[in-house]
Amino acid sequence: MKTLVIVAHPNLEASNWNKSWVKELHKNDDITVHELYNTYPDENINVAKEQQLIEAHDRIIFQFPLYWYSTPPLLKKWFDSVLLYGWAYGPEGTKTAGKEIGVATSTYGTAASYQATGSNRFTLEEILRPIEALAEFISASYLPHFSLNDTSDVTEERLVKSSLDYIQHIKTVKPVVVK
Ligand SMILES: Cc1cc2nc3c(=O)[nH]c(=O)nc-3n(C[C@H](O)[C@H](O)[C@H](O)COP(=O)(O)O)c2cc1C
């Protein structure tokens, strides 16, 4: 199983959580880490190169801080630019079929806030549905997501634990429905 983690953080240097996760990912030879904002500072995505990367991996994790209940804009641009008709979908668009797609995200909101009764009203599972739907559309299996809530509570202990939990998640997570 070859895993690709596509990281979309507009300012990874200033980040606590995503930066710590990336550091931990780099310790694993079987995981390819691809930082979108560092690769494309002008946001000019090389579509052929991105498609080659996807084709070379079985499991793709999109890692990002939650921004307005969604992804940072370069990841949305990546979806729009890379997942093309004739490649990802359509009669001859079979290159993403059978891949596994997952999400790892960090949220300022607490776990309790991401409940029907909480201040954010919706669960993260619900908020991430567009990516689950995207996976379905391109014939990939969607993986249960990984998340870290309450990002303002930064302690060394939490950073270490979440980074180790994240690697464990990536290595063991299984799709609920296999495509
Ligand atoms: C533009 C912007 C929008 C944000 N929107 C949300 C949001 O919708 N929900 C939430 O819980 N946190 C939101 N946050 C907080 C970030 O998710 C949080 O700062 C980030 O996950 C921290 O991770 P980091 O240390 O890797 O930067 C937002 C932050 C910014 C800058």
Side-chain angles (χ1 to χ4, degrees), residues 3-22 24-25 33-45 50 54 59-84 88-89 96 99-155 158-159 161-163 165-170 173-177 179:
T3 299
L4 171 67
V5 179
I6 297 185
V7 181
H9 194 301
N11 189 357
L12 201 56
E13 267 317 296
S15 140
N16 289 305
W17 302 96
N18 284 268
K19 187 166 74 178
S20 174
W21 294 353
V22 164
E24 200 61 38
L25 288 170
V33 184
H34 180 42
E35 293 174 28
L36 281 190
Y37 279 91
N38 289 346
T39 308
Y40 302 115
D42 57 359
E43 306 205 354
N44 206 356
I45 295 170
E50 296 302 309
I54 300 297
R59 174 172 287 179
I60 295 102
I61 306 291
F62 296 109
Q63 178 192 319
F64 54 89
L66 197 70
Y67 277 10
W68 287 115
Y69 309 102
S70 183
T71 70
L74 188 55
L75 183 54
K76 174 61 165 69
K77 185 174 185 186
W78 188 99
F79 293 147
D80 298 352
S81 312
V82 177
L83 304 177
L84 296 178
Y89 67 99
T96 51
K99 306 266 180 209
E100 293 182 1
I101 288 187
V103 165
T105 193
S106 55
T107 77
Y108 175 84
T110 60
S113 75
Y114 282 102
Q115 298 297 329
T117 50
S119 56
N120 287 305
R121 277 203 51 207
F122 301 99
T123 65
L124 270 182
E125 197 176 47
E126 289 169 327
I127 285 164
L128 295 171
R129 281 271 148 76
I131 299 177
E132 182 176 358
L134 167 165
E136 176 77 27
F137 198 81
I138 63 172
S139 308
S141 303
Y142 186 67
L143 298 165
H145 69 268
F146 176 84
S147 64
L148 181 282
N149 308 116
D150 207 0
T151 53
S152 62
D153 180 13
V154 183
T155 64
R158 285 192 88 213
L159 282 171
K161 183 175 184 329
S162 81
S163 302
D165 287 351
Y166 179 35
I167 304 298
Q168 177 73 4
H169 170 89
I170 286 188
V173 67
K174 298 263 182 302
V176 177
V177 181
K179 297 300 264 176

(request) Could you list the residues that satisfy side-chain hydrogen bond (donor to acceptor under 3.5 Å, both in side chains) with Trp17, not counting sequence neighbours? (result) none
Is it true that the side chains of [X] and [Y] contain a donor and an acceptor less than 3.5 Å apart?
{"X": "Ser20", "Y": "Ser163", "value": "yes"}
{"X": "Asn120", "Y": "Ser113", "value": "yes"}
{"X": "Tyr69", "Y": "Glu126", "value": "no"}
{"X": "Asn18", "Y": "Ser106", "value": "yes"}

(request) Verify side chain to side chain contact (heavy atoms under 4.5 Å, CB included) between Leu134 and Tyr142, making sure each step is shown before the conclusion. (result) CA-CA 9 Å; Leu134 167 165; Tyr142 186 67; over 6 Å; no
When rounded to the nearest 0.5 angstrom, what distance separates [atom1] in [X] from [atom2] in [Y]?
{"X": "Lys174", "Y": "Glu100", "atom1": "NZ", "atom2": "CD", "answer": "8.0 Å"}
{"X": "Phe137", "Y": "Ile131", "atom1": "CZ", "atom2": "CD1", "answer": "16.0 Å"}
{"X": "Thr96", "Y": "Ile54", "atom1": "OG1", "atom2": "CD1", "answer": "9.0 Å"}
{"X": "Phe62", "Y": "Leu36", "atom1": "CZ", "atom2": "CG", "answer": "8.5 Å"}
{"X": "Asp150", "Y": "Ser162", "atom1": "CG", "atom2": "OG", "answer": "12.0 Å"}
{"X": "Lys161", "Y": "Thr155", "atom1": "NZ", "atom2": "OG1", "answer": "11.0 Å"}

(request) For side chain to side chain donor-acceptor pair (under 3.5 Å), just list the numbers for Thr105 and Ser147, CA-CA rounded to whole Å, side-chain angles, deciding distance to a tenth of an Å, and then say yes or no. (result) CA-CA 5 Å; Thr105 193; Ser147 64; over 6 Å; no
Backbone of [Y] reached by a side-chain donor or acceptor of [X] within 3.5 Å:
{"X": "Lys99", "Y": "Ser141", "answer": "no"}
{"X": "Arg59", "Y": "Leu143", "answer": "no"}
{"X": "His9", "Y": "Pro72", "answer": "no"}
{"X": "Thr71", "Y": "Leu75", "answer": "no"}
{"X": "Tyr37", "Y": "Leu74", "answer": "yes"}

(request) Answer yes or no: are there more than 12 heavy-atom neighbours, outside Arg129 itself, under 6.0 Å from its atom CZ? (result) yes
(request) Answer yes or no: does atom CD of Glu125 have more than 12 heavy-atom neighbours from other residues, nucleotides or ligands under 6.0 Å? (result) no
Indicate yes or no: at least one non-hydrogen side-chain atom of [X] is less than 4.5 angstrom from one of [Y].
{"X": "Leu84", "Y": "Tyr89", "value": "no"}
{"X": "Val103", "Y": "Ile61", "value": "no"}
{"X": "Leu124", "Y": "Leu66", "value": "yes"}
{"X": "Ile101", "Y": "Glu132", "value": "no"}
{"X": "Val22", "Y": "Val33", "value": "yes"}
{"X": "Tyr166", "Y": "Leu148", "value": "no"}

(message) Show, in sequence, the C-alpha distance, side-chain angles and deciding distance for Gln63 and Trp21, and conclude whether the side chain to side chain donor-acceptor pair (under 3.5 Å) test is met.
(response) CA-CA 9 Å; Gln63 178 192 319; Trp21 294 353; over 6 Å; no
(message) Quick check: closest heavy atoms across Ile167 and Glu24, and the distance to 0.1 Å?
(response) CG1-CG, 3.4 Å
(request) Please report the C-alpha distance between Asn149 and Thr107 in whole Å, then the side-chain angles of each, then the deciding distance to 0.1 Å, and finally whether the side chain to side chain donor-acceptor pair (under 3.5 Å) criterion is met. (result) CA-CA 5 Å; Asn149 308 116; Thr107 77; 3.0 Å; yes
(request) Test Thr123 against Leu128 for side chain to side chain contact (heavy atoms under 4.5 Å, CB included), laying out the working first. (result) CA-CA 9 Å; Thr123 65; Leu128 295 171; over 6 Å; no
(message) Walk me through whether Thr151 and Asn16 qualify under side chain to side chain contact (heavy atoms under 4.5 Å, CB included).
(response) CA-CA 8 Å; Thr151 53; Asn16 289 305; over 6 Å; no
(request) Verify side chain to side chain donor-acceptor pair (under 3.5 Å) between Glu50 and His34, making sure each step is shown before the conclusion. (result) CA-CA 10 Å; Glu50 296 302 309; His34 180 42; 2.8 Å; yes
(request) Would you please indicate yes or no on a ring centroid separation below 6.0 angstrom for Trp78 and Tyr40? (result) no
(message) Taking ring pair (Phe, Tyr, Trp, His ring centres under 6.0 Å) as the cut-off, I'd like each qualifying pair that reaches into residues 103-124, sequence neighbours left out, listed once.
(response) none
